[in-house]
Amino acid sequence: MIVSGKLLVSLSLLVLVFKVSHGQPLVPALIIFGDSVADVGNNNNRTTLVKANFPPYGRDFVNHQPTGRFCNGKLATDFTAEYLGFTSYPPAFLSQEATGMGILTGVNFASAASGYYNWTAQLWGAISLDQQLNYYNEYQSIVVNMVGEAEANAIFSGAIHLLSAGTSDFIQNYYINPFLRGYTPDQFSEILMRSYSSFIQKLYGLGARRIGVTNLPPIGCLPASITLFGSGSNQWNIKLNQDAILFNNKLNNTSQTLQKSLPGLKLVVFDIYQPLLDMITNPSDNGFFESRRACCGTGTFETSVLCNSRSVGTCNNATGYVFWDGFHPSEAANEVLAGDLLAQGIDLIS
Ligand SMILES: *[C@@H]1O[C@H](CO)[C@@H](O)[C@H](O)[C@H]1NC(C)=O
Ligand SMILES: *[C@@H]1O[C@H](CO)[C@@H](O)[C@H](O)[C@H]1NC(C)=O
Ligand SMILES: *[C@@H]1O[C@H](CO)[C@@H](O)[C@H](O)[C@H]1NC(C)=O
Ligand SMILES: *[C@@H]1O[C@H](CO)[C@@H](O)[C@H](O)[C@H]1NC(C)=O
Ligand SMILES: *[C@@H]1O[C@H](CO)[C@@H](O)[C@H](O)[C@H]1NC(C)=O
């Protein structure tokens, strides 16, 4: 019998929605690390150009407010929080919302323009993954003080930890940084893998036992990539996509090795490459009509400070757009991605 991916997603969703509607969230907490794909405002008060805490960002979010999310509305991780049965989204650890009992169900450490390569974060004034882990350590002490060691440890080991990084390492560093020109994409990916591996081991050392990591999207098809790296051809940069595939293969392999060497760890690689490529290639299959141009501004390069209330050409309604800005999916696309994550992440919940 052939069961389509979509059907599988719907079935798993159905089971989950049923469970969730009958009680508690499926896991005690949701903890998030990474870059702009997952940042919900940790960069807001930092000295960096990589921010999204102004309109039109957030115009379709709760109360139509910008939060620091690089999206018109919800991120894939926000939908994930909903699907897991949480009634709120993990707050940015550096924000004033991250106080009180609310933090027991998780917080978010992600920082736009961060990456596996710690110089990526430094280059842009973002929070490096090492520093995100330091903050997680701090968070753990706070939780221990609130509920005691035993319950705290149950939270940390039961929580789902999501990591979403790597795009900035390539787009905002490797392809534009003359100092990295000496490395081939293969060599650069190897460097990133060492850092990834060390991150997972440290996270495991802090008690995490359920970890999901997203792979790289088709970075050569992002609207701004086509403009910046497409050599004026208005075509995908196939080479960038090949680099992403190479990285993703290594990510799979490294993850398998980690899974084998760390007892009791559930480590799942979430494929976002294929689902996003499908949306870009066949937008209408998922109810989209535009996948080349983003909604914000001309849709060909604007992101962060360049996507603002004075950007000319911003679309009125982003629901038909796969991309919200030059580098980031729209809320509508994030919802599709989150459905795929859920289907792939059943192992993390069971
Ligand atoms: C930034 O500063 C504002 C004003 O002090 C505060 O309300 C907010 O929580 C801070 N956010 C972050 C992420 O630091
Ligand atoms: C990057 O990592 C190296 C090795 O751990 C460390 O010595 C260096 O200080 C880090 N750089 C930044 C900017 O965090
Ligand atoms: C990596 O593994 C995931 C999940 O097992 C799979 O969907 C994906 O195709 C693999 N990616 C590569 C590049 O092999
Ligand atoms: C991944 O592992 C397989 C099997 O061990 C190997 O054949 C392949 O070359 C590896 N891929 C990469 C990109 O390292
Ligand atoms: C955008 O369009 C969709 C589909 O046509 C519609 O359901 C939605 O209400 C519109 N949103 C806004 C903010 O106009």
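Whatever order the structure lists them in is the order used to number ligands and atoms, beginning at 1.
There is no protein heavy atom closer than 4.0 angstrom to atom 4 (C) of ligand 4. Distances from atom 14 (O) of ligand 4 to the protein include at least one heavy-atom value under 4.0 Å.
When N45, N53, T67 are ranked by how near their heavy atoms come to atom 11 (N) of ligand 1, first place goes to N45.
If you check the side chains of D243 and Y175, you find a donor sitting under 3.5 Å from an acceptor. N72 and S330 share no donor-acceptor pair across their side chains, judged by distance under 3.5 Å alone.
If you look at Y174 and Y117, their ring centroids are not closer than 6.0 Å. Separation of the F199 and Y116 ring centroids does not fall under the 6.0 Å cut-off.
A salt bridge is absent between K74 and E335; no separation between the charged side-chain nitrogens and carboxylate oxygens falls under 4.0 Å.
Counting non-hydrogen atoms of neighbouring residues, nucleotides and ligands closer than 6.0 angstrom, the CZ atom of F289 exceeds 12 such neighbours.
Contact atoms of ligand 5 toward N317: 1 (C), 2 (O), 3 (C), 8 (C), 10 (C), 11 (N), 12 (C), 14 (O) (distance under 4.0 Å to a heavy atom of the residue). Taking every heavy atom of N249 and a limit of under 4.0 angstrom, the matching atoms of ligand 4 come to 13 (C).
Disulfide status for C315 with C296: absent, SG atoms not under 2.5 Å apart.
In terms of N/O distances under 3.5 Å, ligand 5 is approached by T319. Residue-to-ligand polar distances keep E97 apart from ligand 1: every N/O pair is separated by 3.5 Å or more. Of the N or O atoms in A92, none lie within a sub-3.5 Å distance of an N or O in ligand 1.
Taking atom 7 (O) of ligand 1 as the reference point, the nearest protein heavy-atom neighbour is Q96 OE1, 3.2 Å. For atom 8 (C) of ligand 4, the closest non-hydrogen atom on the protein side is N253 ND2, 3.7 Å.
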